[in-house]
Undergrad: 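Below you will find the structure I want to go over with you.
Chain A is the first sequence line, chain B the second, and so forth, proteins listed ahead of strands; every chain is numbered from 1. These numbers come from a predicted model, not from an experiment.
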Protein chains: 2
Amino acid sequence: MAREHDLKAAGLKATLPRMKVLHLFHKSKVRHMTAEDVYRLLMDEGLDVGLATIYRVLTQFEQAGILKRHHFEGGKSIFELSEGERHDHIVCVNTGQIVEFHDPEIVRRIESIVREHGFELVDHVLHIRALAPTGGVERGTAAPARHTGPTATRRAR
Amino acid sequence: MAREHDLKAAGLKATLPRMKVLHLFHKSKVRHMTAEDVYRLLMDEGLDVGLATIYRVLTQFEQAGILKRHHFEGGKSIFELSEGERHDHIVCVNTGQIVEFHDPEIVRRIESIVREHGFELVDHVLHIRALAPTGGVERGTAAPARHTGPTATRRAR
DNA sequence: GTGCGTGCAAATAATTTGCACTTCA
DNA sequence: TGAAGTGCAAATTATTTGCACGCAC
């Protein structure tokens, strides 16, 4: 993996925790993870890392443009690889399921609106809160959506 | 003030703190406030209220549909009266200045996108991060937006 | 070698909650 | 009066930071 190069390019030493986190995001089929998710997954891999380090690494990656941070509901930050096309998200308020989409028309409207107000566009945050297709079970988890981890560990705290 | 009625309608007793908070939002020219903002303003008015009560009241008002809660940058929740037309926001990343707008085309696209994915629309969150017109004022000034604005605390250095 | 990075624990920041005391209906 | 509401302090939750030690370069 030329991943090590990504780190160097960002001016970051290629340390074990950083390599592991980067690799996790690349190999995992789950694109969106919280710091806690990353922590647990690496622990499960047998890596003895501290949660504080995970937070530090994630923040550094965000600043380096490697990851993107989102604030969907639930208070926790959710990270995803920032590769590929810019996109927004549909988030199921029940299951936490996330779908990505890209809509050029919305982007055009946003640019237009900003211009009309004399502002200079920096960025935008758009997430659609919705209910996933009621394919059957859905009513049962009354709790506000937690984003579903790789191993959907349903814990009550 | 028929405000008292609003509370009753929401099944809430018309207590002093609640009346004061409600009144504050109605009379203030500043539409967007944090719990801290509300707390300070009421304290300044000479009302001896606890911050915890402010949080409780704001949350109750949100659930009653009287207020709307936003999570712009800065970690703190920002509340605004939920009266009038549904709208989204442009937020200046420097000053924290907030501009409201409504764009039917974007709303249409959102409905369309959700439908295409088989989801049921609940809501959407859209805020545009931008730079206010550099008309000269920009340094250490938040025009009519807010005094010690919640969002003005981030970058504004 | 040495300075950046890390682990751990303690510190923060925003918001919530337990509890005894007020206040509204 | 009695339940709903409030103030205060302690508790939570998510994330950050100080420090002594360890690892990449």
Undergrad: Can we say Arg31(A) and Glu83(A) salt-bridge, meaning some charged N sits less than 4.0 Å from an Asp/Glu carboxylate O?
TA: yes
Undergrad: Within this structure, what is the CZ-to-P distance between Phe72(B) and dA14(C), rounded to whole angstrom?
TA: 17 Å
Undergrad: Identify, with sequence neighbours excluded, every residue that meets side-chain contact (heavy atoms from CB on, under 4.5 Å) alongside Ala14(A).
TA: Glu4(A), Leu7(A), Lys8(A), Met19(A)
Undergrad: Can you tell me if the side-chain N/O atoms of Ser77(B) get under 4.0 Å from OP1 or OP2 in dT15(C)?
TA: yes
Undergrad: Please enumerate all residues that pass side-chain hydrogen bond (donor to acceptor under 3.5 Å, both in side chains) together with Glu36(B), with sequence neighbours excluded.
TA: Arg40(B)
Undergrad: Which ones in residues 43-51 of chain B lie close to DNA chain D, meaning a heavy atom under 4.0 Å from one of its atoms?
TA: Asp48(B), Val49(B), Gly50(B)
Undergrad: For Gln60(A) and dT17(D), give me the distance from atom CD to atom C1', rounded to whole Å.
TA: 14 Å
Undergrad: Through direct or indirect side-chain contacts below 4.5 angstrom among Ile, Leu, Val, Met, Phe, Trp and Tyr, which residues connect to Leu126(B)?
TA: Ile90(A), Val99(A), Phe101(A), Ile106(A), Ile110(A), Ile113(A), Val114(A), Phe119(A), Leu121(A), Leu126(A), Ile128(A), Ile90(B), Val99(B), Phe101(B), Ile106(B), Ile110(B), Ile113(B), Val114(B), Phe119(B), Leu121(B), Ile128(B)
Undergrad: Can you name the side-chain contact (heavy atoms from CB on, under 4.5 Å) partners of Leu16(A), sequence neighbours left out?
TA: Lys20(A), Leu47(A)
Undergrad: Rounded to the Å, how far apart are Glu36(A) CD and dT15(D) C1'?
TA: 11 Å
Undergrad: Of all residues at least two apart in sequence or in a different chain, which pass the side-chain contact (heavy atoms from CB on, under 4.5 Å) check with Ser82(A)?
TA: Lys68(A)
Undergrad: For His89(A), enumerate each residue passing the ring-ring contact (aromatic ring centres under 6.0 Å, His included) test, keeping only those at least two apart in sequence or located in another chain.
TA: His32(A), His70(A), Phe72(A), His87(A)
Undergrad: I need the NE2-C1' distance between His71(A) and dT15(C), as an integer number of Å.
TA: 17 Å
Undergrad: Can you list the residues that meet the side-chain contact (heavy atoms from CB on, under 4.5 Å) rule with Ser28(B), with sequence neighbours excluded?
TA: Leu24(B), Val30(B), Met33(B)
Undergrad: Please report, rounded to the nearest Å, how far the P atom of dT15(C) is from the NZ atom of Lys76(A).
TA: 17 Å
Undergrad: Once you round it to whole Å, what is the distance between P of dA13(C) and CD of Glu73(B)?
TA: 19 Å
Undergrad: Rounded to whole angstroms, how far apart are OH on Tyr39(A) and C1' on dA14(D)?
TA: 14 Å
Undergrad: If you check every side-chain atom of Val57(B), which of dG7(C), dT6(D), dG5(C) has the closest atom?
TA: dT6(D)
Undergrad: Only pairs under 3.5 Å count here: list side-chain donor-acceptor contacts from residues 50-61 of chain A, not counting sequence neighbours, and write none if there are none.
TA:
unit_1	atom_1	unit_2	atom_2	d
Thr59(A)	OG1	Tyr55(A)	O	2.9
Thr59(A)	OG1	Arg69(A)	NH2	3.4
Gln60(A)	OE1	Arg18(A)	NE	3.4
Gln60(A)	OE1	Arg18(A)	NH2	3.4

Undergrad: Nearest whole Å is fine: how far is dT15(D) C1' from Phe61(A) CZ?
TA: 18 Å
Undergrad: So does Tyr55(B) get a side-chain nitrogen or oxygen closer than 4.0 Å to the phosphate oxygens (OP1/OP2) of dT15(C)?
TA: yes
Undergrad: Specify the closest pair of heavy atoms between Phe79(A) and Phe25(A), including all atoms of both residues, with the distance to one decimal.
TA: O-CE2, 3.5 Å
Undergrad: Restricting to side-chain hydrogen bond (donor to acceptor under 3.5 Å, both in side chains), what partner residues turn up for Glu105(A), sequence neighbours left out?
TA: Arg108(A)
Undergrad: Restricting both atoms to N or O, compile the protein contacts to nucleotides 18-25 of chain D shorter than 3.5 Å, with distance only.
TA:
unit_1	atom_1	unit_2	atom_2	d
dG18(D)	O6	Arg56(A)	NH1	3.3

Undergrad: The helix from dG1(C)-dC25(D) to dA14(C)-dT12(D): angle between its terminal axes, five pairs each, to 10°?
TA: 30°
